[in-house]
4 protein chains.
Amino acid sequence: MSLTELRDELRLFAAERDWDQFHTPKNLASALSVEAAELLEPFQWLKTGELSELNEQKHEAIRQELADVLMYLVRLADKLDVDLMTAASEKLVHNRAKYPAEKVRGDSRKYSEY
Amino acid sequence: MSLTELRDELRLFAAERDWDQFHTPKNLASALSVEAAELLEPFQWLKTGELSELNEQKHEAIRQELADVLMYLVRLADKLDVDLMTAASEKLVHNRAKYPAEKVRGDSRKYSEY
Amino acid sequence: MSLTELRDELRLFAAERDWDQFHTPKNLASALSVEAAELLEPFQWLKTGELSELNEQKHEAIRQELADVLMYLVRLADKLDVDLMTAASEKLVHNRAKYPAEKVRGDSRKYSEY
Amino acid sequence: MSLTELRDELRLFAAERDWDQFHTPKNLASALSVEAAELLEPFQWLKTGELSELNEQKHEAIRQELADVLMYLVRLADKLDVDLMTAASEKLVHNRAKYPAEKVRGDSRKYSEY
């Protein structure tokens with residue numbers, strides 16, 4: 001499934017339930033922020049959260065939160081007529097110019113301002 | 001560009017800068033949460049945040065925050081060996097079963113527990 | 001109870017449980033952010049969240065989240081040697097100068113940049 | 001200054017600017033979440049964020065974010081008729097019963113579910 005197909009599935013999901021009325025951009029942005037925090041929660045007391053530090057149950061819970069964040073992100077972008085992938089491609093070009101590899105390599109100070 | 005291609009681009013971006021050392025899942029989850037809040041910020045005092053309420057400058061700023069969220073999301077999923085699109089597809093199946101259209105339609109109370 | 005007394009109670013609570021080791025400023029800042037999102041969650045699909053829109057159960061849940069946010073805030077400030085009340089007083093002086101009442105009254109545009 | 005006095009100062013600040021109209025509980029909860037994320041931001045790539053890892057400039061920026069969080073917290077509690085200190089006292093009693101010191105001491109697993 002592509003992001004475009006996921007967008008269409010989510011449109012249909014909301015339309016079938018008459019939930020479009022709740023999906024204002026402001027509400028979706030709140031929901032996205034809440035989901036992102038739910039994704040952060042299982043990591044908050046861990047050292048690094050690397051795979052080795054997660055048991056299977058925690059990994060599966062995190063996987064579902066990742067899905068929730070993606071779904072709200074796609075839904076919000078749809079409501080704002082933003083093509084997510086084009087936006088990300090452009091931001092990547094911008095970031096490559098802003099942080100030239102040869103200048104910032106191994107420079108944690110530079111990174112810490114990122 | 002697909003999510004898989006974006007994942008590969010972000011891997012390369014981090015590798016070229018020796019930034020992989022900072023990209024622990026815990027740090028990426030924090031960064032994702034921070035970006036999600038930056039995305040919420042322009043909406044916080046608006047009525048709904050519909051397109052008509054956003055000027056061009058604000059829309060462009062939001063577009064860039066959407067891109068930032070997607071990039072950290074893809075990067076975090078990569079670090080945790082999660083296929084984002086598969087996870088979202090499965091969650092969608094789960095949500096369809098949890099919220100049957102004929103039962104929850106127009107039911108804001110039901111929704112408010114969502 | 002004053003903020004100083006709450007700070008002391010929380011120090012004792014952590015010490016008795018040997019939890020100080022988990023309470024790095026970074027972890028506490030994550031926990032605070034997670035709690036703030038839990039506080040946002042019950043409002044995300046509401047119109048305004050005024051008292052009349054909240055039933056007793058929801059109000060009590062929100063009350064407990066408010067308490068959680070305050071406790072992590074006091075704990076984090078303690079770890080960073082910050083006197084919360086002095087910091088807030090100074091910020092208020094700063095805000096009064098930045099937003100003179102006679103200039104910004106009723107100006108939602110000004111506010112929206114706040 | 002006590003929390004009650006801060007509450008009164010913030011009431012006056014909003015009233016003088018006719019900003020009460022923007023301060024719905026929902027909007028304040030969003031703003032609080034955004035400020036909490038701004039407080040998390042300077043820590044996101046640090047190891048622990050202990051004082052020794054922060055330069056003076058970063059410490060001062062964090063101090064101001066702590067103040068912002070406190071101010072929105074006090075304002076939100078005011079709008080919801082919640083006495084913050086009473087709520088925190090009660091939560092502390094609850095937490096003492098939920099996590100008896102002699103049972104959870106040094107038990108990071110227990111803690112990690114906190």
Side-chain angles (χ1 to χ4, degrees), chain A residues 1-3 6 9-10 13 16-19 21-22 24-27 29-30 32-33 35-37 39-40 43-44 46-51 54 59 62-64 66-71 73-74 76-77 79-82 84-85 87-92 95-96 99 101 104-106 108 111, chain B residues 1-3 6 9-10 13 16-19 21-22 24-27 29-30 32-33 35-37 39-40 43-44 46-51 54 59 62-64 66-71 73-74 76-77 79-82 84-85 87-92 95-96 99 101 104-106 108 111:
Chain A
M1 190 155 64
S2 69
L3 281 180
L6 178 58
E9 292 277 0
L10 293 171
F13 184 87
E16 286 174 345
R17 283 154 189 81
D18 195 16
W19 281 359
Q21 55 182 315
F22 301 111
T24 64
K26 176 171 175 157
N27 286 358
S30 291
L32 178 64
S33 203
E35 292 299 335
L39 178 54
L40 175 57
F43 294 104
Q44 65 189 339
L46 301 182
K47 297 273 186 232
T48 65
E50 301 290 358
L51 272 173
L54 305 174
H59 187 261
I62 289 167
R63 189 171 167 274
Q64 294 201 23
L66 287 163
D68 285 337
V69 171
L70 180 60
M71 291 193 292
L73 181 65
V74 166
L76 176 55
K79 289 287 178 177
L80 296 174
D81 283 347
V82 168
L84 270 180
M85 207 45 101
S89 296
E90 289 178 19
K91 196 70 191 275
L92 198 48
N95 285 350
R96 281 202 198 92
Y99 304 103
V104 302
R105 192 178 298 117
S108 75
Y111 192 72
Chain B
M1 188 157 63
S2 69
L3 282 180
L6 178 57
E9 292 278 0
L10 292 171
F13 184 87
E16 286 173 345
R17 283 156 188 78
D18 196 18
W19 282 359
Q21 56 182 315
F22 302 111
T24 64
K26 177 174 174 153
N27 286 357
S30 290
L32 178 62
S33 204
E35 292 298 336
L39 178 53
L40 175 57
F43 294 104
Q44 67 189 337
L46 300 183
K47 297 274 184 231
T48 65
E50 303 290 0
L51 273 174
L54 305 174
H59 187 262
I62 289 168
R63 190 171 167 272
Q64 295 201 21
L66 287 163
D68 285 336
V69 171
L70 180 60
M71 291 193 291
L73 182 65
V74 166
L76 176 54
K79 288 288 177 176
L80 295 173
D81 282 348
V82 167
L84 269 180
M85 208 43 100
S89 297
E90 289 178 19
K91 196 68 191 278
L92 199 48
N95 284 350
R96 280 203 199 92
Y99 304 103
V104 302
R105 192 177 298 118
S108 74
Y111 191 72

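A quick note: this is a predicted structure, and the numbers were derived from the prediction, not measured.
Expressed to the nearest 0.5 Å, how far CG of A:Leu3 lies from CE of B:Met85 amounts to 4.0 Å. Rounded to the nearest 0.5 angstrom, B:Arg17 CZ and A:Asn95 CG are separated by 8.0 Å. In this structure, CZ in B:Arg105 is found 8.0 Å from CD in A:Glu16, a value given to the nearest 0.5 Å. Taken to the nearest 0.5 Å, the CG atom of B:Leu32 stands 8.5 Å off from the CG atom of A:Leu40.
Formation of a donor-acceptor pair under 3.5 Å by the A:His59 side chain with backbone atoms of B:Val82 is not found in this model.
Within the 4.5 angstrom heavy-atom criterion, only backbone atoms of B:Ser2 (N, CA, C, O) approach chain A. Both the backbone and the side chain of A:Leu70 come within contact range of chain B, judged by heavy atoms closer than 4.5 Å. Within the 4.5 angstrom heavy-atom criterion, only side-chain atoms of B:Leu6, from C-beta onward, approach chain A.
Here A:Glu90 pairs with B:Arg63 under the salt bridge (charged side-chain N to carboxylate O under 4.0 Å, His left out) rule; sequence neighbours left out. Scanning for side chain to side chain contact (heavy atoms under 4.5 Å, CB included) contacts around A:Asp68 gives A:Glu35, A:Glu65, A:Met71, B:Lys91, with sequence neighbours left out.
Per-residue counts of heavy-atom pairs under 4.5 Å with chain A were compared for B:Lys47, B:Glu50, B:Lys79; the largest is that of B:Glu50. Counting heavy-atom pairs under 4.5 Å between each of B:Leu80, B:Leu39, B:Leu84 and chain A puts B:Leu80 at the top.
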key: side chain to side chain contact (heavy atoms under 4.5 Å, CB included) assessment of A:Thr24 paired with B:Phe43   = CA-CA 10 Å; A:Thr24 64; B:Phe43 294 104; over 6 Å; no
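In terms of heavy atoms, A:Lys26 sits closest to B:Gln44 at NZ-O, 3.2 Å.
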